[in-house]
Amino acid sequence: MLALVDVNSFYVSCEQVFRPDLWGKPVVVLSNNDGCVIAANREAKSLGIAMWKPAFQSIPLLEKHHVTVFSSNYALYGDMSQRVMETLSLLTPALEVYSIDEAFLDVPESTVADLSAYAQQVRARVRQWTGLPVGVGIAPTKALTKVASKLAKRNRERSRNTFVIGDEDTRRASLQECPVEDVWGIGKRTARRLRKRGVHTAWDFTQLSDVWVRQELTVVGLRLKRELEGVPQLDLEIVPAAKQMIGTAKSFGHNLEDPHLIREALAWYVAEVAEKLRRQKRIAGSMTVFVETNRFRPGDPQYTNQTRVRLPVPTDDTPELAHHARVAFDRIFRPGYRYKKVGIWLSDLVVASAVQQHLFDPDPQPLRPHLMQVIDRINTQYGKGTLRTASVGFRRSQWKLRQQRLSPCYTTRLNEVLEVGTG
DNA sequence: TCTGGGGTCCTAGGACCC
DNA sequence: TCTGGGGTCCTAGGACCC
């Protein structure tokens, strides 16, 4: 049996752990750039606050109900996530970290006799050690644990945030209660198609023929059907698979027309992504650079383009990557548009030690890796961008994201640690 | 005025090879 | 008048996840 553990309203709960005065009150967290509401606790949802709506459209409602609003604080959420995962790892023989707030656990043999008790134990332990509330869904396959997890949420009081699909009758009843669009792996588009064919629940989906599912929804759909039937198709991935791409693409605080400013933003993103690459001990063989105008302003002329560059030698060197990124950018930049976003993805990643030198590399620079190490160390200690290439410039305030309601980095910055008043 | 970011997997179709 | 079959690699685009 597998267990899916997920933190309730994860981002909001992280904020509340350090603001206990906010438990029981409506709280939301905004996306990057303070653009949309992306997380809301139950109290906020019950006020009718919609997710993924532009934040400025929700402001009247937020103010009317005195909802507390935070910008996203990924340093905090990332660190809290690690604490949750470490706690869970002590409660299971095998753990897959599935996302920032979810993990699949192999249920220990010794607890199979009383799965509900195990679920409660997991909940209590995470609560005590991290302060965060979690839900637990237990079932024989990953897709079914997802269904169980939904049901655990639907009736929190009765289920105490846990649900077990342990026998055939429960499986059938659970699938019949589960709307097809709530099934893991069935998105909006597919759900619409399925509903047109009279498939309304997860159960209906399992009644379709294999042939049809394979043909219309590819092997992915077929795998899903089996999983819902209780036949495991997806193994626990205990060792996280190496990333195939590493990238970053963030919207600007304001739309930009000036290519010089966009190049500076791109240089900053390159530095971020190169550092990520080095941390994962990988080098990149190619990169994709892309630009986008603001698609939410249909009145503006729209333009998006991307280009892929194969690097002469795979590298993790920031200036080298920045050079190629700039060349790529100049290839796709067109004047006369108001740009919203520039992004870079690195791919063809290989283990750094496996680097194949270019036979005719005109300018091998054996000291560069050391330079990168020094830069990374300084920036870790003194803050991102302390030491940077000149191409990043000094005008970050003209494009950086808006974060007007950022909470302190309680657990990762010494000078922002929570203080307990003395009187 | 203000609408997220970071990923994965799959398929179709074109270019190219022998 | 008639123009193969089998295969790989690459890119673009769609769909999905959290």
Side-chain angles (χ1 to χ4, degrees), chain A residues 4-11 28-39 50-60 62 69 71-74 77-78 81 96-104 142-143 146 149 180-194 214-224 233-234 237 240-255 269 272-273 276-277 280 285-286 288 290 292-300 304-310 338 340-349 401-405:
Chain A
L4 174 68
V5 180
D6 75 313
V7 183
N8 302 337
S9 321
F10 179 56
Y11 295 174
V28 301
V29 173
L30 304 178
S31 63
N32 263 337
N33 246 343
D34 294 347
C36 296
V37 173
I38 52 162
M51 315 270 273
W52 303 111
K53 226 172 94 171
F56 68 91
Q57 288 176 12
S58 301
I59 285 171
L62 295 169
V69 179
S71 302
S72 303
N73 182 345
Y74 291 104
Y77 312 150
S81 171
E96 174 184 340
V97 177
Y98 176 65
S99 74
I100 193 163
D101 73 326
E102 282 173 275
F104 291 106
K142 281 182 168 179
K146 283 277 188 179
S149 165
V180 73
E181 59 272 10
D182 283 1
V183 172
W184 186 44
I186 292 184
K188 240 162 102 178
R189 291 290 272 270
T190 309
R192 213 179 307 139
R193 278 169 64 202
L194 288 170
R214 170 69 184 83
Q215 202 173 336
E216 297 293 320
L217 305 178
T218 78
V219 294
V220 181
L222 190 56
R223 219 147 47 202
L224 182 60
Q233 305 286 302
L234 305 166
E237 288 173 26
K243 293 252 182 287
Q244 317 223 351
M245 313 171 83
I246 298 177
T248 189
K250 284 181 274 267
S251 301
F252 309 127
H254 305 277
N255 296 333
Y269 296 162
E272 278 186 347
V273 93
K276 224 192 282 183
L277 188 66
Q280 298 183 20
S286 55
T288 302
F290 69 91
E292 275 175 28
T293 48
N294 190 343
R295 67 179 190 281
F296 294 107
R297 297 174 58 96
D300 282 7
T304 119
N305 203 352
Q306 62 179 63
T307 182
R308 185 168 168 181
V309 181
R310 210 167 301 277
R338 305 179 65 212
K340 180 64 180 167
K341 187 185 274 188
V342 66
I344 173 167
W345 286 92
L346 301 178
S347 47
D348 294 334
L349 307 183
L401 1 127
R402 280 187 307 276
Q403 290 178 305
Q404 290 176 347
R405 298 157 185 273

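So you know, we letter chains A, B, ... as the sequences are listed, proteins then strands, and number each from 1. What you see is a predicted model, and the numbers here were worked out from it, not measured in a lab.
Rounded to whole Å, atom P of B:dT3 lies 11 Å from atom CZ of A:R338. Taking atom CD1 of residue A:I100 and atom C1' of nucleotide B:dT8, one finds them 17 Å apart after rounding to whole Å. Distance, A:I246 CD1 to B:dG6 P: 12 Å, rounded to whole Å. Between the P atom of B:dG6 and the OH atom of A:Y74 lies a distance of 9 Å, rounded to the nearest Å. Following rounding to the nearest Å, A:D6 (CG) and C:dC18 (P) show an atom-to-atom distance of 10 Å. Taking atom OH of A:Y11 as the reference point, atom P of C:dC18 lies 12 Å away to the nearest angstrom. Atom CG of A:D348 is separated from atom C1' of B:dT8 by 16 Å (rounded to the nearest Å). Counting to the nearest Å, the C1' atom of B:dC2 and the CG atom of A:D300 are 14 Å from each other.
Note on A:T190: only backbone sugar-phosphate atoms sit closer than 4.0 angstrom, heavy atoms only; bases stay farther off. At a threshold of 4.0 angstrom between heavy atoms, the contacts of A:F10 with the nucleic acid are absent. Heavy atoms of A:K53 sit nowhere under 4.0 angstrom from any nucleic acid atom. Nucleic acid contact for A:V7: none, since no nucleic acid atom lies under 4.0 Å from a heavy atom of the residue. Among the atoms of the strands shown, only primed sugar atoms or phosphate atoms (P, OP1, OP2) are found under 4.0 Å from some heavy atom of A:Q306. Across all strands shown, A:D34 has no heavy atoms under 4.0 Å from either base or sugar-phosphate atoms. Contacts of A:R193 with the nucleic acid, taken as non-hydrogen atoms under 4.0 Å apart, are absent. The residue A:I186 sits close only to the backbone: its heavy atoms come under 4.0 Å of sugar-phosphate atoms, none of a base.
When distances run from any side-chain atom of A:R308 to the nucleotides C:dT11, B:dT3, B:dC10, the shortest one goes to C:dT11. The side chain of A:W345 approaches B:dG6 more closely than any other nucleotide in the set B:dT11, B:dG6, C:dC18. The side chain of A:K243 lies closest to B:dG7, out of C:dC18, B:dC10, B:dG7. In the set B:dT3, C:dT11, C:dC18, C:dC18 carries the atom at the smallest distance from any side-chain atom of A:E102.
The local environment of CZ in A:R338 is crowded, with over 12 non-hydrogen atoms from other residues, nucleotides or ligands closer than 6.0 Å.
Taking only side-chain nitrogens and oxygens, A:R310 comes nearer than 4.0 Å to OP1 or OP2 of C:dT11. A close approach under 4.0 Å does occur between a side-chain nitrogen or oxygen of A:S251 and OP1 or OP2 of B:dG5. Dashed line: the shortest gap from a side-chain N or O of A:K341 to OP1 or OP2 of B:dG5 is under 4.0 Å.
Considering only heavy atoms from C-beta on, A:F252 comes within 4.5 Å of A:V342 through its side chain. In this structure, A:V37 and A:K53 have side chains that are not in contact, with every pair of non-hydrogen atoms separated by 4.5 Å or more.
Projected onto DNA chain B by closest heavy-atom contact, A:V220 and A:N294 fall at different nucleotides, the more 5' of which corresponds to A:N294. The nearest heavy atom of DNA chain B to A:L401 and to A:H254 marks one nucleotide each, and the one closer to the 5' end goes with A:H254.
With no hydrogens or angles considered, no side-chain donor-acceptor pair links A:N33 and A:S31 at under 3.5 Å.
A:S71 places no side-chain N or O within 3.5 Å of a backbone atom of A:D34 that could act as its donor or acceptor partner.
Pairing partner, C:dC9: B:dG14, with both Watson-Crick or wobble hydrogen-bond distances short of 3.5 Å.
For C:dC18 and B:dT3, the P atoms lie 25 Å apart once the distance is rounded to whole Å.
Under the 30°/60° scheme for interplanar angles, the aromatic rings of A:Y98 and A:W184 are found to stand perpendicular.
In this structure, A:R402 and A:G253 approach most closely via the heavy-atom pair NH1-O, 2.6 Å.
The aromatic ring of A:W52 stacks onto the base of B:dG4, its centre lying under 5.5 Å from the centre of the six-membered base ring with the two planes under 30° apart.
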